[in-house]
Amino acid sequence: MQSLKNEIMDRKKIAVRVITEELSEFGFSQNGKEWFLGSDEVVFVLALQKSSFDDFLYFNVGIYICSLSMITKTPKERECHIRTRLEDLFVHQIGRTPPDLYYTDTDEDFEKSLRILLRQFLCPLLSPLTNISGLKELYRNNVFSKSLVSREAREIISNLS
């Protein structure tokens with residue numbers, strides 16, 4: 001049991017290091033186990049979460065729409081108007097499947113898969129994820145079909161104008 005707990009702790013350390021390395025060049029700032037990329041319209045949040053039910057480490061995404069309630073440039077993921085798991089942002093990419101972070105056998109496989117997920121899947125989506133017109137386009141393309149979207153956010157991003 002202690003060995004599995006240490007493995008999860010090691011994976012969390014690996015995740016923090018890899019996320020910081022990969023996202024710092026895109027202008028992300030970090031506060032604890034959350035990373036932020038903001039514009040005047042939207043703050044994108046990536047947060048780590050240890051599962052309460054098993055020994056997995058989850059990657060949560062929050063999208064905070066500033067016009068709805070700008071309280072801070074570093075909102076907690078749980079305060080965001082759109083919330084999802086990182087891998088769920090890529091469900092509708094035809095012919096592309098994100099790497100599976102949850103069932104990697106070794107730390108090296110975990111790190112490699114996380115880098116691929118960030119470089120090849122998340123980073124190309126950063127521009128539309130940080131502005132309202134991009135969110136509207138992603139919404140029209142069903143990118144948020146597995147996401148929790150607040151009523152207020154849905155009213156903004158489902159509006160075609």
Side-chain angles (χ1 to χ4, degrees), residues 8 11-12 14-20 22-24 26-94 96-104 110 113-160:
I8 296 305
R11 295 266 170 111
K12 189 181 282 187
I14 291 168
V16 168
R17 178 179 49 80
V18 169
I19 292 169
T20 301
E22 293 294 330
L23 299 183
S24 63
F26 290 93
F28 276 80
S29 60
Q30 181 182 357
N31 185 0
K33 299 284 189 295
E34 294 185 319
W35 291 262
F36 306 90
L37 181 65
S39 70
D40 291 338
E41 297 180 337
V42 174
V43 178
F44 176 88
V45 181
L46 178 63
L48 294 180
Q49 174 194 353
K50 161 72 175 73
S51 172
S52 299
F53 304 105
D54 51 39
D55 293 313
F56 292 124
L57 184 62
Y58 295 105
F59 298 84
N60 296 329
V61 166
I63 298 170
Y64 189 87
I65 299 174
C66 300
S67 65
L68 293 176
S69 56
M70 189 55 198
I71 55 173
T72 177
K73 282 299 226 181
T74 57
K76 297 287 186 195
E77 179 269 333
R78 68 180 176 272
E79 299 169 329
C80 291
H81 303 103
I82 302 171
R83 299 174 63 201
T84 193
R85 297 267 192 229
L86 181 60
E87 66 276 7
D88 288 341
L89 289 175
F90 317 111
V91 169
H92 294 286
Q93 290 190 0
I94 306 300
R96 297 188 70 211
T97 304
D100 188 347
L101 298 174
Y102 305 115
Y103 296 103
T104 53
F110 174 76
S113 294
L114 180 55
R115 286 189 190 278
I116 290 169
L117 185 65
L118 295 172
R119 285 180 191 163
Q120 296 178 18
F121 287 85
L122 176 61
C123 291
L125 263 186
L126 286 176
S127 180
L129 285 169
T130 55
N131 65 74
I132 297 298
S133 62
L135 292 178
K136 288 180 178 188
E137 181 66 27
L138 294 173
Y139 183 80
R140 278 192 297 273
N141 292 327
N142 294 315
V143 168
F144 302 121
S145 64
K146 290 188 161 194
S147 304
L148 297 172
V149 181
S150 73
R151 180 181 46 80
E152 298 87 359
R154 188 174 312 277
E155 288 173 4
I156 289 173
I157 64 175
S158 66
N159 184 349
L160 297 177

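Distance CG/N60 to SG/C80: 10.0 Å, rounded to 0.5 Å. Atom CH2 of W35 is separated from atom CD of Q30 by 5.0 Å, given to the nearest 0.5 angstrom. Taking CG of L46 as the start and CG of L118 as the end, the distance is 7.0 Å to the nearest 0.5 Å. For the atom pair CG (L23) and CG (L126), the distance works out to 7.0 Å, reported to the nearest 0.5 Å. Here the straight-line distance linking atom CZ of F36 with atom CZ of F28 works out to 10.5 Å at 0.5 Å rounding. R154 contributes atom CZ, which lies 4.0 Å from atom OH of Y139 (distance to the nearest 0.5 angstrom).
Looking at residues two or more places apart in sequence or on another chain, you find a side chain to side chain contact (heavy atoms under 4.5 Å, CB included) between R17 and I14, E21, E111, R115.
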- Task: Would you please test S113 and D100 for side-chain contact (heavy atoms from CB on, under 4.5 Å) and show each step?
- Result: CA-CA 7 Å; S113 294; D100 188 347; over 6 Å; no

- Task: Please lay out, stage by stage, how R140 and S158 fare under the test side chain to side chain donor-acceptor pair (under 3.5 Å).
- Result: CA-CA 7 Å; R140 278 192 297 273; S158 66; over 6 Å; no

- Full working for side-chain contact (heavy atoms from CB on, under 4.5 Å) between L129 and V42: CA-CA 8 Å; L129 285 169; V42 174; over 6 Å; no

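L86 is listed as a side-chain neighbour of L117, based on a closest heavy-atom distance under 4.5 Å. Put simply, the side chain of V45 reaches to within 4.5 Å of the side chain of P75, judged on heavy atoms. The shortest side-chain heavy-atom distance between L125 and L138 falls under the 4.5 Å cut-off. In this structure the side chain of I19 reaches within 4.5 angstrom of the side chain of L48, judged on heavy atoms. When side chains are defined from C-beta on, L148 does not count as touching I82, because their heavy atoms never get closer than 4.5 Å. Residues D88 and S147 fail the side-chain proximity criterion, which asks for heavy atoms closer than 4.5 Å.
Looking at N159, its side chain never comes within 3.5 Å of a backbone N or O of E155 through a donor-acceptor pair. A donor-acceptor pair is defined here as one N or O able to donate and one able to accept, closer than 3.5 Å; no such pair exists between the side chain of H81 and the backbone of S150. Put simply, the side chain of S39 gets close to the backbone of E41: a donor and an acceptor are under 3.5 Å apart. Panel note: side chain E34, backbone E77; a donor-acceptor pair is recorded below 3.5 Å.
Of the charged side-chain nitrogens involved, none lies within less than 4.0 Å of a carboxylate oxygen, so that E79 and K76 do not count as a salt-bridged pair.
The heavy-atom pair separating T84 from K146 by the smallest distance is OG1-O, 3.7 Å. In terms of heavy-atom proximity, L114 sits nearest to F59 at CD1-CE2, 3.9 Å. Looking at every heavy atom in both residues, I116 comes nearest to P99 through CG2-CG, 3.8 Å. Across F26 and L37, no two heavy atoms sit closer than the pair O-CD1, 3.4 Å. Here the closest non-hydrogen pair linking K33 and V16 is CD-CG2, 3.6 Å. Minimum heavy-atom separation, L122 to F90: N-CZ, 3.7 Å.
For residues 123-132, the set of pairs meeting the side-chain hydrogen bond (donor to acceptor under 3.5 Å, both in side chains) definition, not counting sequence neighbours, comprises N131-S133.
Cation-pi check for R85 over Y58 is met; the charged atom lies under 6.0 angstrom from the ring centroid and within 45 degrees of its normal.
The neighbour count for D40 CG, taken as heavy atoms of other residues, nucleotides or ligands under 6.0 Å away, does not exceed 12.
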